[in-house]
Amino acid sequence: MYNHRIIEQKWIQKWAEGFVDYSLDKQISDDKKYILVEFPFPSGAGLHVGHIRSYVAQDIKARMYRMQGQQVLYPIGWDAFGLPTENYAIQNNISPAIATADNINNFKKQLAVLGLSFDWSREINTTDPKYYKWTQWIWLQMFKAGLAYQDTTQVWWCEELKTVLANEEVIDGKSERGGHPCTRVPLRQWMLAITKYADRLDKDLETVDYLSVIKTQQRNWIGRSEGVQLKFQIANSTQFVEVFTTRIDTLFGVTFLVLAPEHPLLNKITTAEYQSQVQQYHEQTKSKSDLDRQQEKYKTGVFTGAYAIHPLTGKQIPIWTADYVLMNYGTGAVMAVPAHDERDREFAEKYNLEIINVITEQNILENSESYNSLSTTEAKLQLTQELTNQNLGQQKIQYKLRDWVFSRQRYWGEPFPIVWISEHDYKMLSGEITEFLPPKAITREVDDILQYAVPLAISDLPLELPEIESYIPQGLGDGPLAQAKDWVEVWYNIITGQAISRQNPRPDNTWVEGMRETDTMPNWAGSSWYYLRYIDPNNDEVLADKNLLQEWLPVDLYNGGMEHVTVHLLYSRFWHKFLYDIGVVPTQEPYQTRIKHGMILAEGGVKMSKSKGNTVDPIEMVESFGADSLRVYEMFMGPYDEAIAWDTKGLIGCSRFLKRVYQWVEDIKSDNLEPIQDQNKLDYDINYLIQKITQDIDNQKYNTCISSLMEFLNSYQKQNIQIDYIKQYLKLLAPFAPHLAEELWEMLGETTSIHQSQWPQYDETKLVQSKIDYQIHINGKMRDIVTVSADATEHGIQAQVLNSPKVQQILNSNTPKKIIVNQAKKIVIIIS
RNA sequence: GCUGGUGUGGUGGAAUGGUAGACACGAAGGACUCAAAAUCCUUUGGAGGUAACUCCGUAACGGUUCAAGUCCGUUCACCAGCACCA
């Protein structure tokens with residue numbers, strides 16, 4: 001009898017004792033495979049059946065590739081910084097570090113019973129100072145390169161929770177947790193200039209094999225658009241307004257300009273008469289959140305009293321301000337073409353502005369002076385040329401992508417390796433630390449005093465999080481770290497960049513007063529480069545050895561969810577490109593292939609959630625049915641990349657299948673089965689199975705692997721087939737049900753691990769059949785099957801087909817008009 | 001609104017343009033059992049026929065083809081992402 005508990009415990013132990021060895025050879029040639037699954041956030045809720053689906057799927061690949069003789073890197077680690085742990089820690093009055101350690105232990109305990117072949121010797125943890133030393137190191141390189149800077153952005157502030165919240169944490173102006181009201185406040189934040197890489201992030205998508213949906217989503221997010229930036233002179237003034245347009249062909253249809261309410265020129269050009277209403281409108285929009293602005297049904301705006309001069313016609317056109325124009329895209333001003341732009345039309349109709357049609361239905365220009373009767377494409381070219389010649393405009397590429405807001409006013413994140421010093425002291429900097437200064441100094445004002453950001457010495461890394469009394473945020477702009485006065489107030493060395501607490505006496509006059517940065521990094525930081533650390537997880541000298549990076553990069557297969565396709569995937573590609581630029585990594589792209597896994601939903605097709613009480617505990621499933629059954633079921637339930645509802649009944653079915661496999665091997669051993677019915681068919685079937693499983697694993701079609709294994713068992717479970725065939729079968733089963741396959745392998749007398757045996761190869765000659773079944777389609781309908789020997793000529797096949805009684809009956813002594821013999825598809829078509 | 005994607009039995013789903021519904025779940029009947037569980041066997045898209053078998057059937061309508069779940073067009077429904085991006 002198949003007892004999953006005994007078998008699985010036995011092999012977990014034997015494997016742990018070294019019965020299998022997945023360690024990697026030092027020699028790595030072309031046949032390496034780096035398989036990466038998104039490392040989990042170790043939440044208090046524990047492992048989810050959804051985690052398991054992707055880990056098992058990639059485990060199956062890892063196991064097959066190893067059996068095929070490849071070097072496989074299949075690592076795991078913890079993405080452990082972040083708000084949920086911090087909140088959990090606050091609620092339970094423990095430190096986030098302890099909460100994290102507990103949660104990781106729990107996750108590890110759960111993962112240990114699933115038969116996953118992770119390389120635990122490479123385990124990493126983003127909250128480990130040995131790890132975040134390098135997160136801080138990379139960030140310092142970006143600081144040095146001028147990619148890190150500070151800017152004031154609008155952030156969500158929740159007075160009740162005394163904290164800044166991320167956009168995702170605010171729903172309809174209320175906090176996701178507790179539903180407290182939130183407001184938008186301006187706050188100075190660290191930013192990373194990802195937009196400088198927008199072009200490469202877009203273009204280099206051509207060089208990688210991501211699923212096309214993933215590429216599309218990345219492209220949409222980056223939002224590249226080509227157009228023209230051009231200048232409109234303000235009437236009776238020397239000022240110009242710049243606008244960006246992708247439709248320069250509609251230039252003659254411009255009947256007004258619109259500036260965003262925050263546009264810096266607005267006050268300067270507004271005439272005295274209109275000052276008050278423009279001001280009032282600006283105040284109005286300020287009080288509205290982005291959300292309100294978006295949700296507004298009708299467009300609003302006011303006239304400025306000013307006019308611009310059309311660059312080609314010289315006509316005067318009114319200038320308006322309206323909040324449907326966004327300050328943070330393009331130039332914050334648009335040339336309105338109401339005839340050919342929906343938003344402009346709506347606005348023009350509301351305020352009775354002129355509408356001039358300049359494009360016909362056939363996409364030909366009209367009302368456009370000398371450009372009339374040109375196609376839009378041709379007009380774009382010519383107009384761009386003309387404006388460039390007149391020095392009024394030039395081609396321009398715009399991106400929707402915004403720079404990355406890179407600070408959080410929270411505790412549980414990487415501290416910035418930054419100290420703020422006075423202007424006077426900044427000018428005193430000399431020696432090695434000056435090499436790490438950004439091209440443009442970064443400053444802030446505190447109580448009207450200017451402070452300069454200076455980098456910490458590399459030798460001071462990691463800059464560890466201090467222990468603090470309370471993790472509760474203290475007030476706007478001050479993260480919990482601000483409480484740690486001993487930590488924040490430092491002596492900073494103006495030559496070396498080292499910092500020590502001001503609790504110590506000032507060593508000498510090369511040490512100046514400084515304040516550490518009290519913001520922390522967002523949890524996207526640690527996950528932006530973790531795949532590099534797996535390659536060389538214990539290196540203290542560099543983030544990873546160059547030769548090892550050369551050998552293992554890029555990641556061959558990166559598996560993850562669609563929810564990370566825009567943010568995480570884009571951020572890590574950005575960091576990787578930066579590291580490439582400074583010579584740290586040898587490739588331009590981190591991931592060669594990116595695939596997605598589908599979500600597992602609760603029974604009934606809704607999302608699993610604790611609050612709904614519809615979650616499935618994977619460990620309970622392991623206890624009841626075994627890890628092998630759980631693995632097989634999660635692969636069998638449906639196409640791997642699609643969302644699918646959990647069904648414990650289906651798991652029971654898979655458990656039944658494994659029981660039957662066990663029974664089959666027992667029966668073979670005790671010799672109480674029927675003899676083989678058809679050796680040729682068996683040869684064909686086993687070879688076909690090998691071929692199919694090998695291909696299907698490669699193509700992520702795990703569900704059909706399982707059904708093929710079931711089919712083979714259904715056909716042969718009563719026949720006394722040769723032990724060799726059983727062994728082949730077990731090898732094919734091994735990646736899916738590693739414990740059971742190992743047990744049965746041992747039962748058949750093997751003394752070494754099945755997981756280190758060689759993956760079966762199919763024999764092509766066995767897949768060629770001596771007799772072929774031809775399906776006979778008559779007028780498109782399948783009418784008969786005629787078995788013909790494989791070496792028959794086309795003529796012979798035709799004769800045999802026409803001889804079939806069934807065919808004769810249907811033909812009813814008519815002569816067929818046409819006979820097609822399709823060798824590859826084994827189809828004969830007769831038209832009567 | 002835009003961009004992708006998906007529509008197949010009671011359910012999850014299979015099907016390089018070539019036997020639609022593999023495999024599994026569920027259900028019904030049967031065997032074993034004092035009984036139950038487990039296991040095993042049979043049936044299981046719809047309609048008609050004693051039967052061999054016939055006809056219909058892959059969201060809807062049209063098209064291409066000897067042949068369409070699959071390719072093309074239109075429509076509808078659902079899912080995901082983006083959303084005043086000039």
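Residue numbers begin at 1 in each chain, while the letters A, B, ... track the order of the sequences.
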Considering only atom P, compute the distance from B:U11 to B:G63 and round it to an integer number of Å. 30 Å
For B:C56 versus B:G5, give the span between their P atoms, rounded off to a whole number of Å. 33 Å
Between A:Y633 and A:W646, is the ring centre distance below 6.0 Å? yes
Would you tell me if any nitrogen or oxygen in the side chain of A:K607 comes within less than 4.0 Å of OP1 or OP2 on B:C79? no
As a test of reading the structure: which of B:G4, B:U19, B:C41 is closest to the side chain of A:V213, going by heavy atoms? B:G4
Evaluate the side-chain proximity of A:T615 to A:S609: yes if any heavy-atom separation is below 4.5 Å, no if none is. no
Under 3.5 Å donor-acceptor pair, A:K400 side-chain atoms to B:C82 base atoms: no
A:F636 near the nucleic acid: base, sugar-phosphate alone, or nothing, with a heavy-atom cut-off under 4.0 Å? base
Measuring to OP1 and OP2 of B:A83, would you say a side-chain N or O of A:N220 lies under 4.0 angstrom away? no
For atom CG of A:L601 and atom P of B:C78, their distance in whole Å: 18 Å
So what does A:K649 hit on the nucleic acid, given a heavy-atom distance under 4.0 Å: a base, only sugar-phosphate, or nothing? sugar-phosphate
Selected nucleotide, minimal atom distance to A:T216 side chain, candidates B:A14, B:U54, B:U3: B:U3
Within 45° of the ring axis of A:Y210 and under 6.0 Å from its six-membered ring centre, is that where the NZ or CZ of A:R594 lies? no
Assess, by modelled atom type and distance only, whether the side chains of A:H597 and A:N559 contain a donor and an acceptor separated by less than 3.5 Å. yes
Measuring only the C1' atom in each nucleotide, how far is B:U8 from B:U70? A whole number of Å is fine. 12 Å
Scan A:R660 against the nucleic acid and name what it touches under 4.0 Å (heavy atoms): base, sugar-phosphate only, or nothing. sugar-phosphate
Touch check for A:K596, heavy atoms < 4.0 angstrom, all strands: base, sugar-phosphate only, or nothing? nothing
Describe the nucleic acid contact of A:Q217 in one word from base, sugar-phosphate, nothing, applying a heavy-atom distance below 4.0 Å. sugar-phosphate
Would A:K659 and A:Y2 count as a cation-pi pair here, with the cationic atom under 6.0 angstrom from the ring centre and within 45° of the axis? no
Any base atoms under 4.0 Å from A:S212, or only sugar-phosphate, or nothing? Heavy atoms, all strands. nothing
Under the ring pair (Phe, Tyr, Trp, His ring centres under 6.0 Å) criterion, do A:W221 and A:Y399 qualify, and how do the steps go? CA-CA 9 Å; A:W221 193 262; A:Y399 299 93; over 10 Å; no
Mind telling me whether B:G9 is syn or anti, cutoff 90° either side of 0? syn
Establish, yes or no, whether the cationic atom of A:K299 lies under 6.0 Å from the six-membered ring centre of A:F347 and within 45° of the ring axis. no
Is A:K701 touching bases, backbone alone, or none of the nucleic acid, heavy atoms closer than 4.0 Å? sugar-phosphate
So, do A:Y729 and A:W664 have ring centers that fall under 6.0 Å from each other? yes
Between B:G46 and B:C34, how far apart are the C1' atoms? Round to whole Å, please. 43 Å
Which nucleotide in the list B:C84, B:U19, B:A24 gets nearest to the side chain of A:Y324? B:C84
B:G81 OP1/OP2 closer than 4.0 Å to side-chain N/O of A:T566: no
Between A:E342 and A:R783, which residue's closest nucleotide on RNA chain B lies nearer the 5′ terminus? A:E342
Quick one: A:R219 CZ to B:G4 P, roughly how many Å, whole number? 12 Å
Which of the following nucleotides, B:C23, B:G18, B:C55, is nearest to the side chain of A:E711? B:C23
In whole angstroms, how far is the C1' atom of B:A15 from the CD atom of A:Q775? 12 Å
Note: for A:S708 and A:P639 on RNA chain B, the residue whose nearest nucleotide lies more 5' is A:P639
B:C25, OP1 or OP2 - any side-chain N/O from A:R656 closer than 4.0 Å? yes
NZ (A:K350) with more than 12 external heavy atoms under 6.0 Å: yes
Regarding A:G653, tell me which of base, sugar-phosphate or nothing describes its non-hydrogen contacts under 4.0 Å with the strands shown. sugar-phosphate
Check every atom of B:G13, B:A22, B:G18 against the side chain of A:I644 and return the nucleotide holding the closest atom. B:G13
Send over the distance from A:I214 CD1 to B:G4 P, rounded to a whole Å. 16 Å
In whole Å, what separates the P atom of B:A22 from that of B:U42? 15 Å
Side chain of A:M710 - closest among B:U39, B:U19, B:C23: B:C23
Say we look at B:A20 and B:G7: how far apart would their C1' atoms be, to the nearest angstrom? 16 Å
Quick one: A:Y640 OH to B:U6 C1', roughly how many Å, whole number? 20 Å
Closest listed nucleotide, where the reference is the side chain of A:I785 and the choices are B:U19, B:A22, B:U39: B:U19
Pairwise C1' distance for B:G17 and B:G9, with rounding to whole Å: 24 Å
Counting side-chain heavy atoms from C-beta on, which of B:A86, B:A24, B:C84 comes nearest to A:T245? B:A86
Base, sugar-phosphate or nothing for A:I652? Non-hydrogen atoms, less than 4.0 Å. nothing
Quickly work out the A:Y662 OH to B:U39 P distance and round it to whole Å. 16 Å
Looking only at atom P, what distance separates B:U75 and B:A24, rounded to whole Å? 42 Å
When rounded to whole Å, the CD to P distance for the pair A:E603 and B:C25 reads 15 Å
Counting any heavy atom closer than 4.0 Å, what does A:M562 reach on the DNA or RNA strands: base, sugar-phosphate only, or nothing? nothing
Mind checking A:N703 for me? I need base, sugar-phosphate or nothing, with any heavy atom below 4.0 Å counting as a touch. sugar-phosphate
